[in-house]
Asks: 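Before we start, here is the structure in question, set down as C-alpha cells.
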There are 2 protein chains.
Amino acid sequence: MGFDLDDMEALELWRRTLLAGIHRSAPDLSVRQTAILLCVYLTPPPHTVRGLAARLKISKPAVTRALDTLSGLGVLRRKADENDRRSVLVHRTVAGSVYLSEFAETIVAAGTGLGSEKSPGSDPGALF
Amino acid sequence: MGFDLDDMEALELWRRTLLAGIHRSAPDLSVRQTAILLCVYLTPPPHTVRGLAARLKISKPAVTRALDTLSGLGVLRRKADENDRRSVLVHRTVAGSVYLSEFAETIVAAGTGLGSEKSPGSDPGALF
DNA sequence: CCCGATCGTTTCGGTTCCGGATCAATTCTA
DNA sequence: TAGAATTGATCCGGAACCGAAACGATCGGG
C-alpha cells in the first residue's frame, strides 16, 4: 500500500478539499463539528459527551452544542445510556454515513493526479 | 509517484489532522482563513481581495476580515498595488511559510502508516 | 474634467461559537 | 439512606464571523 505524500502535495490536497467544501452548498460544518463527526464514525464506540470533550480537548458545552447542530442535521443521533442514565451515547445515522462518504470522495478527488505535477527543475525538498 | 488514497484512509487522514490541529496551542484558523492562506501560498500571484473572494465564492468583507486576522498573525502581508492603487496585493511572509510547513508536516504525519491498517476480512469497497 | 465603474473597507444587524459557572438528574459511597 | 461525585444540559457575557449595503478612494472613458 504505497501511501506517500510530500509536504507540497499535502497542502495542495488540503487546499483543493477546502475549496470544494466551501463551494458545496451543503451545510458546511466548523472544524470542531467535523472533528466530532469523524471521531464518532472512525473510532470504536461508545461515544459520550465527556469522552469526546476529552479526546478533542474542548469544553463539554462545546460538545453539547455541536451535537445539537449535528443531530439537527441528522448526521448523528443521541441515545440515552440504559446502564448509566446520566450518560448520553452518540450513534451514527444513515445520513451521516452518506455525508462522510461524499466528503471522502471530495478528498480523494482532490488527491487524484497530485503526484505528477512536479516541475522537473524544482528542488524536491524545498517547500517555498 | 504512486499516490493512492481510498475513502476510509481519506477520512482517517482528515480526522487525525484536525485532531492534531485542535490540540495545537497555535491560533487555530477557521476553514475560510485556512483556505485563503493556502490559496495565497499555492496559486500564482497576484492575489487581490476580489480575486480571493471570487475564487472562494465568499463575500469581499469576509476576505477583508480574514486578511485582518491573518496579517495580524503575521502569516500574510498586504501591499498596495502601485499600478492600480485601488487594489491591494496579498503577499507571503516568512512566518506564513513556517506555519504552512508545520501544517504540512502535520498532514504528512497523520498520513504515515495509513495504508497498512486494512483488516484482511473487510470488504475493501465498503465504507461503513 | 467629469461621471460612471471598480476596488477594498467599514458599518450595520444578526447569527454562531466559545469557556466558566451552574443546574438537575443520576449514580456511587460510607 | 444521606451526602459526595459524576454527567450532560443550560445560562451567561464576550468574542468572532457573516452578508448586504453604504462609503471613500481611485481609475478610465467620453
Side-chain angles (χ1 to χ4, degrees), chain A residues 18-19 21-40 45-92, chain B residues 18-19 21-40 45-92:
Chain A
L18 289 187
L19 224 42
I22 292 176
H23 291 355
R24 187 165 56 197
S25 58
D28 57 331
L29 306 179
S30 72
V31 172
R32 295 155 105 109
Q33 289 167 345
T34 304
I36 288 178
L37 192 62
L38 288 174
C39 275
V40 169
H47 300 287
T48 63
V49 173
R50 71 186 179 286
L52 292 169
R55 188 194 298 265
L56 302 179
K57 292 194 180 125
I58 62 180
S59 67
K60 268 195 307 178
V63 175
T64 293
R65 282 185 300 259
L67 292 183
D68 290 342
T69 301
L70 294 172
S71 64
L73 292 172
V75 295
L76 229 48
R77 191 165 51 91
R78 273 192 254 235
K79 182 165 174 52
D81 185 345
E82 295 303 328
N83 297 65
D84 184 346
R85 303 188 33 174
R86 292 172 301 181
S87 293
V88 166
L89 300 179
V90 183
H91 289 272
R92 308 171 182 176
Chain B
L18 289 188
L19 223 44
I22 294 176
H23 291 355
R24 189 166 53 197
S25 58
D28 58 330
L29 305 179
S30 71
V31 172
R32 301 173 132 177
Q33 289 167 346
T34 304
I36 289 178
L37 192 62
L38 288 173
C39 275
V40 169
H47 299 288
T48 64
V49 172
R50 71 188 178 285
L52 292 169
R55 188 194 298 266
L56 302 179
K57 293 196 180 117
I58 61 181
S59 68
K60 269 194 305 176
V63 175
T64 292
R65 284 184 297 258
L67 292 183
D68 290 341
T69 300
L70 294 172
S71 63
L73 292 173
V75 295
L76 229 48
R77 192 166 51 90
R78 273 193 255 235
K79 180 164 174 53
D81 185 345
E82 295 303 327
N83 298 65
D84 183 348
R85 301 189 35 174
R86 292 172 301 180
S87 291
V88 166
L89 301 180
V90 183
H91 290 273
R92 307 172 184 177

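Below, each value reflects all heavy atoms present in this structure, side chains not excepted, and no hydrogens, waters or symmetry copies. A note on names: the letters A, B, ... follow the listed sequences, proteins ahead of strands, and every chain is numbered from 1. None of the values given here were measured: they were computed from a predicted structure.
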Asks: Mind checking what makes salt bridge (Lys or Arg N to Asp or Glu O under 4.0 Å) contact with B/Asp81, not counting sequence neighbours?
Replies: none
Asks: Does A/Arg50 have any salt bridge (Lys or Arg N to Asp or Glu O under 4.0 Å) partners at least two apart in sequence or in another chain, and if so, which?
Replies: none
Asks: Nearest-Å distance, NZ (B/Lys60) to C1' (C/dT6)?
Replies: 8 Å
Asks: Of the non-hydrogen atoms in B/Val40 and B/Arg92, which two are nearest, and what is the gap between them?
Replies: O-NE, 3.8 Å
Asks: Between residues 47-55 of chain A and DNA chain D, which residues have a heavy-atom gap below 4.0 Å?
Replies: A/Thr48, A/Val49, A/Arg50
Asks: Between A/Arg55 and B/His23, what is the shortest heavy-atom contact and its length?
Replies: O-CE1, 3.0 Å
Asks: What side-chain donor-acceptor pairs closer than 3.5 Å can you find for residues 31-39 of chain B, not counting sequence neighbours?
Replies:
residue : atom : partner : partner atom : Å
B/Gln33 : OE1  : B/Ser30 : N            : 2.9
B/Thr34 : OG1  : B/Ser30 : O            : 2.9

Asks: What I'd like to find out is whether the side chain of B/Thr48 reaches to under 4.5 Å of the side chain of B/Val90, using heavy atoms alone.
Replies: no
Asks: Heavy-atom contacts under 4.0 Å between residues 73-81 of chain A and DNA chain C, which residues?
Replies: none
Asks: C/dG8 C1' sits how many Å from B/Arg85 CZ, rounded?
Replies: 14 Å
Asks: In chain order, what residues pass the salt bridge (Lys or Arg N to Asp or Glu O under 4.0 Å) check against A/Asp84, with sequence neighbours excluded?
Replies: A/Arg86
Asks: Using a 4.0 Å cut-off to any heavy atom of chain B, which nucleotides of DNA chain D are the first and last in contact, reading 5' to 3'?
Replies: D/dC17 to D/dC27
Asks: Between protein and nucleic acid, restricted to nucleotides 12-18 of chain C and to nitrogen or oxygen atoms under 3.5 Å apart, what atom pairs and distances do you find?
Replies:
residue : atom : partner : partner atom : Å
C/dC17  : OP1  : A/Gln33 : NE2          : 2.9
C/dC18  : OP1  : A/Arg32 : NE           : 2.7

Asks: Tell me every residue that passes salt bridge (Lys or Arg N to Asp or Glu O under 4.0 Å) with B/Arg77, counting only those two or more places apart in sequence or in another chain.
Replies: none
Asks: Classify the nucleic acid contact of B/Thr64 as base, sugar-phosphate or nothing, counting any heavy atom under 4.0 Å across all strands shown.
Replies: base
Asks: Which side-chain N or O atoms in residues 58-70 of chain A pair as donor and acceptor under 3.5 Å with protein atoms at least two apart or in another chain?
Replies:
residue : atom : partner : partner atom : Å
A/Ser59 : OG   : A/Ala62 : N            : 3.4
A/Thr64 : OG1  : A/Lys60 : O            : 3.4
A/Asp68 : OD1  : A/Arg78 : NH2          : 2.0
A/Thr69 : OG1  : A/Arg65 : O            : 3.3

Asks: What's the angle between the local helix axes at either end of the helix from C/dC1-D/dG30 to C/dA30-D/dT1, using five pairs per end and rounding to 10 degrees?
Replies: 10°
Asks: How long is the span from the CG atom in A/Leu52 to the NE2 atom in A/His47, to the nearest 0.5 Å?
Replies: 7.0 Å
